[in-house]
Engineer: 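Pasting in a structure now, in structure tokens, and then I'll have a few things to ask.
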Amino acid sequence: MAVAASNANMVPPLARRVPFELRAHGDTRTDNYYWLRNRRDPEVLQYLEAENAYTAEAIAPHAALIEKINTEILSRIQQTDQTVPAPRGDWFYYSRTEEGKQYTIYCRHFQAAGPEQILLDLNHLAEGKEYFALGGLAVSEDGHLLAYLTDENGSEEYTLSIKDLRTGHLLPDRLEDVSHGIAWANDNRTLFYTRFDATKRPDRVFRHTLGSSDDQVVFTEPDERFTFELGKTRSGKYLAVTSINASLTSEVFLLDADLPGTAFVSFSPRETGHEYYVDHQNQRFLIRTNSGGATRFQLMETPVSLTASEHWRTLRPEAPDSTLDEIHAFQNFLVLETREQGLPAIRVVTDAESDTERPLTFPEEAYTVAVADNHEYRTTKLRYAYTSLVTPLSTYDYDVATQISTLLKQTAVPNFHPARYTTKRLYAGNIPISVLSGPAALPGKPPGKLLLYGYGSYGLNTEATFKPSYFSLVDRGFTVALAHIRGGAERGREWFEAGRMLTKQNTFSDFIACAEHLIAHGYTTPEQLSAMGGSAGGLLIGAVINQRPELFHSAVALVPFVDVVTTMSDPTIPLTTGEYDQWGNPEDEAAYRYMLSYSPYDNVKPQPYPHLLITTGLNDPRVAYWEPAKWAAKLRVTKTDNNTLLLKTELGAGHGGPSGRYDKYRETALIYAFLLGF
């Protein structure tokens, strides 16, 4: 491989070609860069380091711009700040940051105004480490013990530790290679945690008793298509394992948290296509379910003693143009999170008025609202968070009795003047687009630079949230637009279904339609349009620049899933088997050929491509580093333009990139400098 020696005459790295044949359904695909999968091969690391050196050299002329943007980002962040304390029992829990420190500090104080107790200072735990991440934490019911998960390389293989909050000392109980999910039983000495199989799929729940080394497996999910989440009902009465297959089929298992020695019991046996979720309220269970063909979900109830589906009774039937996303049960009221006309909504239902929903109202065309930290089951208030592209994160308490929302805190944003900016909702046909504009993008102004962001997978929504960093682009003439494309669930279950499996092309076509709409309506031109997406959104970017490269001046693909067919054909790769119902199983010829039709790596062709920045992480367990690396290598020798192509690999991190907040700000500054400078 060749490595550039100077900015004046830069030579990009060229990975060695080693033809490797992949055969399926009568096809033979030749993959010249399959060898990059072998992380034990010293040449693999040499190649990634050479790409990093090339990226550093290419970006070096923009160092001053990166520093300026990084300074601007910092200037809009209240670096010493804290969240609004949330009550739980006799304690109020919150987190805070301190200027100059990379990581969050988790704290609590006793009752309303007691002295601060630091639960975890992540800065202390991260000392001397290149990477550090908290995977979760849980305080025991009596408030005396803290269980927490830590990751020191981005692999998401966690160490579980337990701290005695009365003494500040760690207990000898320490467990390695733990997966996501921890929950305490109500006896304050039994802890449940999860482990994963060889493909990084959580497949077992263990019961740990303090001081014991004889942990027992209490739940196993043998079906490789399913993964699960471990949690607790809001009432605290039940531990819950929710086993899910690609948001298509689910099954809930419950265990009485007062009887941790008993077994998890199925709430209702799984049926293909039946998706349901359970919460507990007093003498009943509440069920969010798509039973009876309710694709937008309905709300049902059943007595605690009768969980079989024949006993379920409808409380809220499926509503047209309203998707029931979440239910939150409190002792004397119920909160529904819904999605209406592509926007999130909150509705409150009291026991006395079980058929009356009180909708909260919000002032902007495009926004995000969600239920926030509500630790107390017996309360008369709901805490929620509101934000938009021009409104900083705002925390409210809603009094259920008076129906009044009180603003507790809006995140302070120094050097931000909201009157200079506008947000609106556009539609490319029926595809929503959330838009952030500044003074340079007012009506009547000539078209300007625009960043179009998209995701469109797994039924996950792209939310219009406030990001201080956006204004470094907007103040330089950019418009920022979020494309709410199919594959997400912004417009209900049908929106998700229309962007997966054999309809996945709709995701890419929607993004292209959004780009064309913004060009046609004078917001931008192809010469000024940039695209960005990450992970499955990186797949989106890879597909659209293969299909319509002339629409975009530049593109950023963050940890992109681009080698679709090869990855989905290998069940030993993390997450593959659980995603057959998202992308398809290549053993089925129709699924194989459909994936092959859009897989970014397989569809690289001799044509001009936009300027392209690609990122990855060597320890990424979700999208293996070799996918972006192979894609970059193939693009280098295939594309017909002289545009910039950069591959940046975090050699000590995973899917989320750098772990420290200041490192993340600098990474954002580099991305923005790329968008502005190439």
Side-chain angles (χ1 to χ4, degrees), residues 22 29 31 33-34 36-37 39 48 154-156 199-201 227 246-247 453-460 462 483 485-488 496 499-508 510-511 531-547 555-586 591-592 594-604 612-635 647-650 653-657:
L22 298 157
R29 292 181 297 129
D31 187 347
Y33 305 104
Y34 192 87
L36 286 170
R37 291 165 55 110
R39 66 170 65 233
L48 297 176
S155 66
E156 300 181 30
T199 66
K200 295 288 183 74
R201 176 183 69 94
T227 186
S247 298
Y453 174 89
Y455 186 76
S457 289
Y458 302 107
L460 299 176
T462 298
I485 52 184
R486 283 177 286 183
F496 164 54
R500 71 174 186 93
M501 299 286 283
L502 299 181
T503 62
K504 190 61 192 171
Q505 177 59 40
N506 288 336
T507 302
F508 317 133
D510 284 1
F511 192 81
M532 184 162 70
S535 194
L539 160 65
L540 165 71
I541 299 304
V544 299
I545 65 173
N546 278 336
Q547 296 175 17
V556 177
L558 308 170
V559 291
F561 172 45
V562 286
D563 193 12
V564 181
V565 179
T566 304
T567 290
M568 293 306 299
S569 299
D570 186 347
T572 68
I573 292 177
L575 306 181
T576 292
T577 56
E579 299 202 354
Y580 288 151
D581 286 307
Q582 292 287 347
W583 316 105
N585 185 341
Y592 168 83
Y594 190 80
M595 283 187 281
L596 192 60
S597 73
Y598 67 76
S599 173
Y601 182 65
D602 293 289
N603 287 280
V604 170
L612 184 59
L613 170 62
I614 306 167
T615 71
T616 187
L618 184 62
N619 300 324
D620 191 339
R622 298 174 181 267
V623 178
Y625 72 88
W626 59 74
E627 292 198 36
K630 288 168 53 179
W631 186 42
K634 187 174 183 179
L635 279 165
L647 171 67
K648 184 176 184 294
T649 303
E650 292 291 336
H655 198 61

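Atoms considered below: every heavy atom in the structure, side chains included; atoms not considered: hydrogens, waters and symmetry mates.
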Engineer: Of the non-hydrogen atoms in Ile573 and Trp626, which two are nearest, and what is the gap between them?
Structural biologist: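 Scanning both residues completely, I find the closest heavy atoms to be CD1-CZ2, 4.1 Å.
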Engineer: Between Ile614 and Thr616, is the side chain to side chain contact (heavy atoms under 4.5 Å, CB included) condition met? List the steps.
Structural biologist: CA-CA 7 Å; Ile614 306 167; Thr616 187; 5.8 Å; no
Engineer: Does the pair Leu22 and Val565 meet the rule for a side chain to side chain contact (heavy atoms under 4.5 Å, CB included), with working shown?
Structural biologist: CA-CA 10 Å; Leu22 298 157; Val565 179; over 6 Å; no
Engineer: Please report the closest heavy-atom contact between Glu627 and Val562, naming both atoms and the distance.
Structural biologist: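 Answer, listing the atom of Glu627 first, then Val562: OE1-N, 2.9 Å.
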Engineer: Is there a side chain to side chain contact (heavy atoms under 4.5 Å, CB included) between Val559 and Arg622? Walk through the geometry before answering.
Structural biologist: CA-CA 9 Å; Val559 291; Arg622 298 174 181 267; over 6 Å; no
Engineer: Minimum heavy-atom separation for Thr577 to Pro571, with atom names?
Structural biologist: CG2-CB, 3.8 Å
Engineer: When rounded to the nearest 0.5 angstrom, what is the spacing between CZ in Phe511 and CD in Gln547?
Structural biologist: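 Separation between the atoms: 12.0 Å.
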Engineer: Between Glu579 and Tyr458, does any side-chain donor sit less than 3.5 Å from a side-chain acceptor?
Structural biologist: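 The criterion, which ignores hydrogens and geometry beyond distance, is satisfied for Tyr458 and Glu579.
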Engineer: Which atom names give the shortest non-hydrogen contact between Tyr580 and Met501, and what distance separates them?
Structural biologist: O-SD, 3.2 Å
Engineer: Please lay out, stage by stage, how Met568 and Met595 fare under the test side chain to side chain contact (heavy atoms under 4.5 Å, CB included).
Structural biologist: CA-CA 9 Å; Met568 293 306 299; Met595 283 187 281; 4.1 Å; yes
Engineer: Roughly how far apart are Thr649 OG1 and Leu48 CG, rounded to 0.5 Å?
Structural biologist: 4.5 Å
Engineer: CG of Asp510 to CZ of Phe508: how many Å apart, nearest 0.5 Å?
Structural biologist: 10.5 Å
Engineer: Apply the test side-chain hydrogen bond (donor to acceptor under 3.5 Å, both in side chains) to residues Thr566 and Arg29: give CA-CA distance (whole Å), side-chain angles for both, the deciding distance (0.1 Å), then the verdict.
Structural biologist: CA-CA 10 Å; Thr566 304; Arg29 292 181 297 129; 3.2 Å; yes
Engineer: Can you list everything that forms a salt bridge (Lys or Arg N to Asp or Glu O under 4.0 Å) with Lys634? Sequence neighbours excluded, please.
Structural biologist: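 Salt bridge (Lys or Arg N to Asp or Glu O under 4.0 Å) check on Lys634 returns nothing, list empty.
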Engineer: Under the 6.0 Å and 45° cation-pi test, does Lys630 pair with Tyr601?
Structural biologist: yes
Engineer: To the nearest 0.5 Å, what is the distance between OG on Ser155 and CG on Leu618?
Structural biologist: 11.0 Å
Engineer: Starting at CH2 of Trp583, measure out to CG of Leu539 and round the result to the nearest 0.5 Å.
Structural biologist: 5.0 Å
Engineer: Where is the tightest heavy-atom contact between Lys200 and Pro621, given as atom of each residue plus distance?
Structural biologist: NZ-CB, 3.7 Å
